[in-house]
Amino acid sequence: MNFSGALLKWYDQNARVLPWRSHPSPYRTWVSEIMLQQTQVESVIPYFERFMQRFPNFESLAMATQSEVLSLWEGLGYYSRARNLHKAAQLVMAEYGGKLPSTSKQLMQLPGIGRYTAGAIASIAYGQSEPALDGNIRRVYSRLLALEEPLRSPASEKLLWSFAREACPNERAGDFNQALMDLGASICLPNQPLCPQCPLQANCQAFQQGSQNQIPVVEKKAPVPHYIVTAAVIQQEGLVLIQQRPQKGLLGGLWEFPGGKLESSDANLAACLQREIWEEIGARILIGPAFGVYKHAYTHFRIRLHAFLCQLEPGQQVTETDSLRWVQPSQLAGFAMGKVDRQIAENLNKDLLQ
DNA sequence: AAAACGTGGCC
DNA sequence: TGGCCAAGTTT
């Protein structure tokens, strides 16, 4: 099955105009590919523009503080991408003389670059004939092949990567890969694909069977748990206490108002918060007025967070460390936070303006 | 190798 | 409202 010609012809007339496609460079391709991991194009565009203004090249990114990189990333999610991007820029400066390596194998050695991203960069930025398999292309190929096996099974993964390797042309591989992604994003949609407009209709077994709405086969995900969480807005002499999360794990490296999950042993929300602050910070606090209930859905769980205005118990003190800071509420904007804590920070500043 | 990892938009 | 999905990688 050779559909490369029809696909590229379609792409020549329908390619989306995107910031990283104008003035292309390996640096811009790399940053865009990291930002686009599990993230839709429309969400990425403003972040990409800001990032390029502030960090136009490997050197500026490598020289930056992690704090500044995370701040520019705030709101995009999957923050390990930002930490890895920063690390990788420093590696490129130190090990590759400031020039991104060009082979898929070398690219995969850099943090944050896996099989897909290595293929995407090698093909788009360096014109190499390397396949890339992302969510869009998996869907397109599963329909071309009328694949009845679940899309993310090991067997399907093997089949799809090998199909991608075979289909990838020697010329214009970067355009070929991007064309498949554009096609998946605009025509070969997850639901109700626009088959009449598809340049690959003649190559599509699912369309011929009329099974395009049943393919790909996606296995259902387990329902996510729901947790009750508390957070303390501890104020003292006009300052508020924030804590930096560990580098690994959820919201790694971001700042937050300390607190934690309600456990079955906690008598109530106040008891939960006092326990958490004692465990995390070693201080006893007084719980004051409620400061909002914040609902949020992460990838693998859902929370309902109860915030409270708090004070240290008389005689208690909390000394600043690298990960524990007393800051003016107006300074909170300079500390990267996840969505919920950012909302709390903004509400705090709103309140203080009254 | 299954689970963890964010957020916004859509229905 | 809640589930699904989005240019995946890491452990």
Side-chain angles (χ1 to χ4, degrees), chain A residues 15-16 18-21 28-48 70 73-85 87-88 107-121 123-125 131-140 150-155 157-158 160-161 164 174 176-186 188-193 216 218-226 245-254 256 294-304 336-343:
Chain A
R16 290 179 284 182
L18 300 171
W20 44 92
R21 288 181 179 171
R28 290 166 64 87
T29 301
W30 169 59
V31 172
S32 69
E33 286 301 336
I34 301 297
M35 287 187 169
L36 286 160
Q37 288 169 2
Q38 294 289 281
T39 310
Q40 294 185 326
V41 165
E42 290 309 314
S43 305
V44 166
I45 289 174
Y47 283 87
F48 181 81
L70 284 175
W73 206 272
E74 182 181 308
L76 246 199
Y78 287 142
Y79 297 93
S80 65
R81 293 184 296 172
R83 301 192 306 271
N84 285 153
L85 196 72
K87 274 186 229 156
L107 288 164
M108 287 244 275
Q109 304 301 310
L110 293 171
I113 299 183
R115 196 173 178 186
Y116 160 77
T117 305
I121 295 174
S123 63
I124 296 169
L133 192 64
D134 79 321
N136 287 305
I137 304 180
R138 281 190 180 86
R139 183 171 60 255
V140 172
L151 188 63
R152 300 310 299 254
S153 74
E157 279 297 294
K158 204 170 169 189
L160 291 169
W161 270 106
F176 175 84
N177 288 330
Q178 294 181 88
L180 285 167
M181 292 188 271
D182 276 19
L183 188 73
S186 60
C188 196
L189 301 166
N191 301 303
Q192 301 299 129
V218 181
E219 297 189 315
K220 285 187 191 123
K221 287 154 196 161
V224 300
H226 184 246
R245 297 177 59 89
Q247 291 289 318
K248 301 246 176 198
L250 187 74
L251 305 173
L254 302 195
E256 67 176 4
Y294 303 82
K295 289 191 278 186
H296 189 64
Y298 295 95
T299 310
H300 280 84
F301 60 95
R302 181 180 297 273
I303 65 166
R304 180 183 297 260
M337 294 180 161
K339 195 189 169 191
V340 170
D341 288 276
R342 180 57 68 207
Q343 282 180 349

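Values reported hereafter were calculated over all heavy atoms of this structure, with side chains retained and with hydrogens, waters and symmetry mates removed. Numbers restart at 1 for each chain; the letters A, B, ... are given by sequence-line order, proteins then strands.
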Output a table of nitrogen or oxygen pairs between the protein and nucleotides 2-4 of chain B separated by less than 3.5 Å.
none

>> So Ala297(A), base contact, sugar-phosphate only, or nothing? Heavy-atom distance under 4.0 Å.
In response: base
> Tell me, do Val31(A) and Trp20(A) make a side-chain contact under 4.5 Å, heavy atoms counted?
Replying inline: no
> Touch check for Ile34(A), heavy atoms < 4.0 angstrom, all strands: base, sugar-phosphate only, or nothing?
Replying inline: nothing
>> Side chain of Lys220(A), heavy atoms from C-beta onward: which of dC4(C), dT7(B), dG2(C) has the nearest atom to it?
In response: dC4(C)
> CD1/Ile124(A) to CE/Met181(A) distance, rounded to the nearest 0.5 angstrom?
Replying inline: 5.0 Å
> What is the distance from CG of Leu151(A) to P of dC4(C), rounded to the nearest Å?
Replying inline: 15 Å
>> Taking dG6(B) as the reference, what is the distance to dA6(C) when you measure between their C1' atoms (whole Å, please)?
In response: 12 Å
> Can you tell me if Tyr78(A) uses its side chain to pair, donor with acceptor, with the backbone of Met35(A) under 3.5 Å?
Replying inline: no
> Salt bridge check: are Asp182(A) and Arg21(A) linked by an N-O gap of less than 4.0 Å?
Replying inline: yes
> Can you list the steps and then say if His296(A) with Tyr298(A) is a ring pair (Phe, Tyr, Trp, His ring centres under 6.0 Å)?
Replying inline: CA-CA 7 Å; His296(A) 189 64; Tyr298(A) 295 95; 4.6 Å; yes
> Can you check whether Gln37(A)'s main-chain N or O pairs, donor with acceptor, with Thr39(A)'s side chain at less than 3.5 Å?
Replying inline: yes
>> What is the distance, to the nearest angstrom, from the CZ atom on Arg304(A) to the C1' atom on dT1(C)?
In response: 12 Å
> Reading nucleotides 5-11 of chain C 5' to 3', which nucleotides get B (base under 4.0 Å from a protein heavy atom), which S (sugar-phosphate only), which -?
Replying inline: SBBBSSS
>> Without decimals, in angstroms, what is the distance between Phe301(A) CZ and dG2(C) P?
In response: 16 Å
> Counting just side-chain N and O atoms, does His296(A) come under 4.0 Å of either OP1 or OP2 of dG6(B)?
Replying inline: no
> Taking atom C1' of dG6(B) as reference, at what distance in whole Å does atom OH of Tyr47(A) sit?
Replying inline: 10 Å
>> Please tell me whether Arg16(A) and Ser186(A) have a donor and an acceptor in their side chains that are separated by less than 3.5 angstrom.
In response: no
> Do the side chains of Glu157(A) and Arg152(A) get nearer than 4.5 Å, heavy atoms only?
Replying inline: yes
> When rounded to the nearest Å, what value does the distance between P atoms of dT1(C) and dG8(B) take?
Replying inline: 15 Å
> Please give, in whole Å, the distance from dT7(B) C1' to Leu76(A) CG?
Replying inline: 9 Å
> Between atom CG in Leu254(A) and atom C1' in dC5(B), what is the gap in whole Å?
Replying inline: 12 Å
> What is the distance from NE2 of His226(A) to C1' of dT1(C), rounded to the nearest Å?
Replying inline: 12 Å
>> Any non-hydrogen side-chain atom of Asn136(A) less than 4.5 Å from a side-chain atom of Leu183(A)?
In response: no
>> In whole Å, measure the gap between the P atoms of dA3(B) and dA7(C) for me.
In response: 24 Å
